[in-house]
Every structure is written in structure tokens, then in C-alpha cells.
Amino acid sequence: MPAKSKAQQKAAGAALSAKRGETRTSDLKGASKSMYESMDEKELEDFAKGGRKGKPDHASKS
């Protein structure tokens, strides 16, 4: 399932980078830290992939 907003996509990308050992897990905050702990690498890849064009900056609350 791809991300619904640019913010979700960015957080998933940060978590994926940490899963792969490219960045430190101590640098993760908020949603990216939660995603790192609760999702595997394949799920993060699916969430982070795709274009950003046409996506809202943040997902709606409803």
C-alpha cells in the first residue's frame, strides 16, 4: 500500500534507510521511529515507493 501523503512517504523512507543500516536509528523521530519498529523492510519499500506529484503534504485526519 503506497503512502497517501508526502509526509508519510518521507517518514517511510527514513525508516527504510535505518532498516538498511544507511542511517542511525537514534536519528529517527515520531512516525519514522514507529514505522521502523512496526514494519518490515518490504512493507516500508511499498509505502515509500511511487511519485510524490499530486499527493497532499499531510494526510487528512478523517
* Could you give the distance from CE (Met35) to CD (Gln8), rounded to the nearest 0.5 Å? ->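 Atom-to-atom, Met35:CE and Gln8:CD are 6.0 Å apart.
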
* Should we count NZ of Lys6 as having more than 12 external heavy atoms under 6.0 Å? ->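 It does: Lys6 NZ has more than 12 such atoms within range.
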
* To do: Could you tell me which non-hydrogen atom of Ala14 sits nearest to which non-hydrogen atom of Thr23, and how far apart they are?
  =>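 The answer is O-OG1, 4.1 Å.
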
* **Heavy-atom closest pair, residues His58 and Ser5** => C-CB, 3.6 Å

* To do: Could you name each residue pair satisfying side chain to side chain donor-acceptor pair (under 3.5 Å) that touches residues 25-37, not counting sequence neighbours?
  =>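 The answer is Arg24-Asp27.
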
For residues 43-51, run the donor-acceptor check on the side chains, cut-off 3.5 Å, and write out each pair with its distance to 0.1 Å, sequence neighbours left out.
{"residue": "Glu43", "atom": "OE1", "partner": "Asp40", "partner atom": "N", "Å": "2.9"}
{"residue": "Glu45", "atom": "OE2", "partner": "Arg20", "partner atom": "NH2", "Å": "2.8"}
{"residue": "Asp46", "atom": "OD1", "partner": "Lys42", "partner atom": "NZ", "Å": "3.2"}

